[in-house]
Structure formats: structure tokens, C-alpha cells
Amino acid sequence: MAISNLQIANIFTDMAALLEIKGESVFKVRAYQRAANTIENLEDSLEGLVRAKSDLKQISGIGKAINDKIYEYIETAHISAYERLLEELPEGVLTLMTVPYIGPKTAYLVATQLGVKSLEELEAAILDNRLLTIDGIGDRTCQIIHRSLLEMRVKDQRTPIGEALPIAHSIIDQLETVCDDIVSLHIAGSLRRWEETIGDIDIIAVCRDPKNLLKVFTELECVSEILVLGDKKSSVIIDSGIQVDLRIADTAALGAMVQYFTGSQQHNIRLRDYAKAKGLSVNEYGITEVSTGIQETFADETALYNRLGLRYIPPELRLGLDEVEWAQDPIECELITEADLLGDLHVHTDWSDGNDSTEVMIETASDLGYEYIAITDHSAGLGVASGLSVDRLRDRLLDIRKLQDKFSIKIFIGSEVDIRADGTLDYPDDLLDELDIVVASVHSAMGQHSDVMTQRLISAMNHQAVTIVGHLTTRIIGQRPPVQCDMERILEEAKRTGTALEINSSPERLDLKDIHARLARQMGVPLVVNTDSHDKLGFLQRKYGIAVARRAGCLTNHVVNTMSLDRFTSYISCPKPDRDAIFVSYAMARNN
DNA sequence: GCCGTTTTCGGCCCGACTGTTTTCAGTCG
């Protein structure tokens, strides 16, 4: 069984917690946390690196000790130091620490003094008041822990971005309605970094009457519980179970506040570390020259980063990895934006499982300023989605060709063709040849063994007619796990065959995910940002796909559907695999 | 445990809020 980077990252996260409970140096704890963060965001598989006998110490944040532990785990499936820690410390401490407001100290006391090992036992201890016997825990803390525990049962800890973003905008609208003194409101935190799931919603406010705003915030109708109400911040839980934090900032110092609360925490640690080496200290109010104690404030983030000798770092890249080094390079490079997209190559209509007519979908794409669109209804095999039979698709070709006369936007005729369990496609070759665009996707037999699934996807990519592989891992965030496959081999094969890979913008999919898209970009694999729209509102979801591309570090030239119509037409007209040369020359031209 | 424009040793981001308190530890981000 393959060992994933996430498994290893989770062990180091646990080790950090255990070391913290044990009372080890906070710096040692932080070293393990940092290593876990790095590993979680690493594109290459550690298992592959170890099998190739690579020196992991080349990776920033991994030194000799952690290098050796990774080797030990991949070679023996154990880390003895980790197992010793687990034996040394009372059973259940890690479980207890998963409850908000139970940190290492509390977890240790509860486990040792009360013998609590599970969340069920914790609840029992709360209900019969034994928790109150722990030093430092009073009525209020006990209540908050109890609520957190109940909350954990009904809800995953993190909320998909597609749910969180509309909620954040709704809260901002409500605040602007009920409070006249607001100067501006800003989304920060993981939401601004466009993480695929969100821990809590962070909002920063500039307001003429902060005290009143914080009070009004806690009194919004959607607020179900007030966690914190201070002079500078307030935290509440809203009815959907999400925590929302509101922070107050001054206009003149807004840049530092937004920077700080956008995070990530690891990014801020790296940034402050970097600043410190220059004799500067960064906090959420500004930058202080350590030698003089004089603080400068910044109205916007760009000024703050520039003061440190860095380019502006887009929030999507603030992962606590190598972005600070990246920003020292003086050459500006703009990440891709929504406005760069000139076409959408994966769109459904009411001919299959879409809700809007072909005309409406084309009109909407045209209104967005696109130069081209591909209509790609499902193939026959997908019965549940009213996939088109061979005959219906042939009718469809005639139908769409007629429509072209009514629109100036170029309409490509395509299909989202099922990749069958054996890797063959769901339409005969002669019909596929008639299509301009083929998005090949897996919709069935998702539980196949990794080797079988990898071969299945590779077979599809080797088909001359396949333009794009759609939502490659088929995951639904929080609901359906990704298929098992050898991502590196698939990316190599995509490059070799001249097959583009989709970043599916649907917020429940976001597939490819950011780290795979980043690896694809690094390997020179052509990427496409599609919405997979099933109605006209679906096009608006492109912002989520663009966010994934940005998190992957994509510039315009890494994404095929930013090509002009002429160039794109020559791209798809060119037979595979020679087509890749057109993509490469596009990438080079844009880079210059 | 990691790391080096001050360093192979001695540093390591920084602040808000709360509870149970009388000056601060714990937790969070």
C-alpha cells in the first residue's frame, strides 16, 4: 500500500502535539509543525523520493532528524520515536486535543487526573462535573468545551469554500445594512487564500465606532453563540455552525492587519523570521525597526511587503513554503485571473443533465466576453445524466452547427465522454473524430485499484480524440474520496500524449486540486480551467477554478483556454502529440 | 529540531482574549 505525504504529515503533527504535552521546547514543537506543513504541501511523493534515495534535507524545514524519521517510516512502516511518545503519554491525549479549547496542558491534566481517554468519557466527565475539578477549568470553560464537543459531532471541522464564501458575503451585507459607521470590510484568513475548505470566516473592519460594530455583530440574527467580545475583536458561532471572527483595524494600518489575518500562520512565521534577520519586527499594526523602536504603518499590503524588500505575495501563495524566497526575485509575474479566460471547454445543456438550453449557455458565455465555448453533454453510458445516444449526438451536431450562424462566439461541438472501466471510450471512433473537443472523464468504477485506474486514464489519454481529461480524481470534497492512481505517471503521460488536464471549477470538486495542478504546471502539462456548468450560473464558479490555478502558481500561459480563438483552433486542429509544441510555444511567447 | 548577510551555537513571530485571577497561563490564530 502506497504511503501518502498526508499520512506522514499527520504523524509529525501528532508528534508536535505529543512533544508539546510533554513540555518539550516550543521550538522543537514548531519544527515538527513546520515539517508537517511542508510535507502536506509537497508536490513530490516522499515515498518516491525515499525510493530514489534522495536527500530530504534539501527540503527547507527538514533536517537530519526528520529526514531519518521519514526514511524509517517508509522503510519499516514505523517511527520508533513516535511510538515511544505514544507509550510515554497517557492514552487519549491526542483525541482530547482535537476538541477546541482543549490544548496540550488541559488534555494532559484531564487524561491523567480523570483517566479520560475518549470523547465519550470526556462528555461523561462534563455531565457529572468531574471536569470542574481540574485546575483552571471553571463553569464557563466547561460550557465552551461541552459546546465544542457537541458541535464536533454534527459537523466536520472545516467548511467547503463553496459554502463559506457566500456566507461571508452575506454577513458583510448584513453588517453594512445595520451599521452606518463602517468604512470598509475585508475578508481575510483561509477564505482569502482560497483554501478548498475553511476553518472559520475572518473579517476585518475599519469603522468609525468599533465598539458599536462589535456589539452589533454579536447581535446579528444568524449568531447562535458569542465566544469572544473584546475591544478589538469578537468571535461568534452562526447558525450554520461556522465560527466568524471580526477584527477592528485603522485605515492607516489596514495593510498590516489584513496581511496578518490572511495568514497562513506558517507564512507569517516565515515572514517575521525573514524580517527579523533584517532588524525588523512585524506585527498586525505595522513594522518596527528593532534598533530604534520606531513603527511604520501601511495602508495596504503591497507597501508592507515592499518595505521588507519583497514583491507583493498573492494570498493564494501564502502557504508558508518558499513564497518569501519567490518574492525576493524582482521579476514581476502576474498569476492568472478570471479575465484571462477566453473560453470554457466543459459545459452541459438541457440535452443531457443541464438545466438551461444550449442558446442560454452560449449567450451567457458570450456575455462573459468569451471568444469560444465547447458544448459537452454527457455520453450514452451515463444513463443517470441522460447521456446522449450515438443517434442523439449526431442530431446534436447538426443542431449546433445551425446555431453557429446566430452567434459571433465560436461554438465548438464536443462531448464529455465516459472513460469506461476498461479505459475505452463511450462512443465509436468515427463519431469521436467528428467532435471538436472531447472531455474524457471517469464516472463509474471509481473504486478500482490504483494500477488499474492509472492504466485506465492513460489509455484514454492515448486516444487521438481526447482533448482533455475532466475532473481527474472524481472526488467530491468531504463526501467522496479521490480515485487511487499514480499521479506522477499520469502527468508524465499527459505531457507525452499532448492531453490537457482540467481544473474543474465546481467548488465541490476542485479537481485537479492545488498541489497536483502545481506539479502539472512544473512538468509542463497543459491545463484547462473549466466550469463544468450545468446552468448559466455555473459560469460564475470559474473563480474557484482560477483560485486553484493561482494556488498552483499558474500564469496565463500555463492554461490552454486563455489562448486566442485563432491559436486555440490551431492547437486542437493539430494532431496529438505534436499539439504540445503549440502549447509550449504559447508558454514561451507569453513568458517573454 | 532547524538553520546561518550575526551565528556550526544560540537563537527561534507576535498579540488578543479569557478565566480564575491578584500578575498570568492557556488557547487561539
Side-chain angles (χ1 to χ4, degrees), chain A residues 12 15-17 19-21 23-38 56-70 81 96-97 99-110 132 134-145 148 188-193 198-204 214 226-235 243-249 253 256-257 259-288 290-291 295 308-309 318 320 324 328:
Chain A
F12 289 135
M15 285 188 75
L19 291 166
E20 203 176 359
I21 292 166
E24 284 280 357
S25 139
V26 291
F27 304 110
K28 190 165 171 177
V29 171
R30 193 180 297 159
Y32 276 96
Q33 286 167 341
R34 183 181 166 195
N37 181 61
T38 301
L56 307 176
K57 297 196 289 297
Q58 301 299 318
I59 302 167
S60 172
I62 296 182
K64 179 170 188 321
I66 290 180
N67 171 81
D68 292 354
K69 288 184 177 68
I70 295 170
L96 290 174
M97 273 183 75
V99 181
Y101 302 97
I102 295 188
K105 300 286 187 285
T106 311
Y108 183 77
L109 290 177
V110 172
L132 290 169
I134 301 289
D135 263 357
I137 293 185
D139 276 337
R140 174 75 180 145
T141 307
C142 196
Q143 274 173 27
I144 288 183
I145 291 175
S148 302
S190 49
L191 199 48
R192 182 158 179 256
R193 301 197 307 274
I198 304 303
D200 50 26
I201 294 172
D202 291 300
I203 299 172
I204 294 170
L214 289 171
I226 302 168
L227 296 175
V228 171
L229 177 55
D231 292 339
K232 296 182 172 178
K233 71 163 278 193
S234 171
S235 296
Q243 180 172 330
V244 184
D245 295 346
L246 183 67
R247 291 269 175 169
I248 302 296
M257 189 63 84
Q259 191 286 319
Y260 174 59
F261 281 104
T262 296
S264 64
Q265 197 169 0
Q266 288 295 332
H267 172 75
N268 286 350
I269 290 173
R270 302 298 293 274
L271 193 71
R272 290 169 180 212
D273 206 28
Y274 169 79
K276 194 147 201 165
K278 297 188 155 220
L280 300 169
S281 169
V282 181
N283 66 16
E284 59 261 57
Y285 303 106
I287 298 178
T288 305
V290 177
S291 59
Q295 187 179 57
L308 295 171
R318 299 182 197 169
V324 172
Q328 290 170 48

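Hydrogens, waters and symmetry mates play no part in the numbers below; they use all other heavy atoms, side chains included.
- The heavy-atom pair separating Asn268(A) from Gly263(A) by the smallest distance is ND2-CA, 3.8 Å.
- Comparing dA16(B), dT27(B), dC12(B) by their nearest atom to the side chain of Pro104(A) picks out dT27(B).
- No engagement by Leu271(A) is indicated, since no non-hydrogen atom pair under 4.0 Å with the nucleic acid exists.
- In this structure, Tyr101(A) reaches the sugar-phosphate backbone alone: every heavy-atom distance under 4.0 Å involves primed, P, OP1 or OP2 atoms, never a base.
- If you check every strand for non-hydrogen atoms under 4.0 Å, Ser281(A) touches sugar and phosphate atoms only.
- Base contact: Gln265(A) has a heavy atom under 4.0 Å from a base atom.
- Closest to the Arg140(A) side chain, of the nucleotides dG19(B), dT27(B), dC2(B), is dG19(B).
- When both pairing distances are held under 3.5 Å, dT8(B) makes no Watson-Crick or G-U pair with any nucleotide shown.
- Residue contacts for Ile62(A): at a heavy-atom cut-off of 4.0 Å it reaches the sugar-phosphate backbone alone, with no base atom in range.
- Not counting sequence neighbours, Glu284(A) has no partner by the side-chain hydrogen bond (donor to acceptor under 3.5 Å, both in side chains) test.
- Among the protein residues, Ser264(A) comes within range of no part of the nucleic acid, since none of its heavy atoms lies under 4.0 Å from any strand.
- Nucleic acid contact for Asn283(A): sugar-phosphate only, since backbone atoms but no base atoms lie under 4.0 Å from a heavy atom of the residue.
- Per the geometry, CD belonging to Gln243(A) stands 9 Å off C1' belonging to dC28(B), to the nearest Å.
- When the C1' atom is used for both dT18(B) and dT23(B), the distance is 14 Å, rounded to whole Å.
- Taking atom P in both dT21(B) and dA16(B), one finds a spacing of 24 Å when rounded to whole Å.
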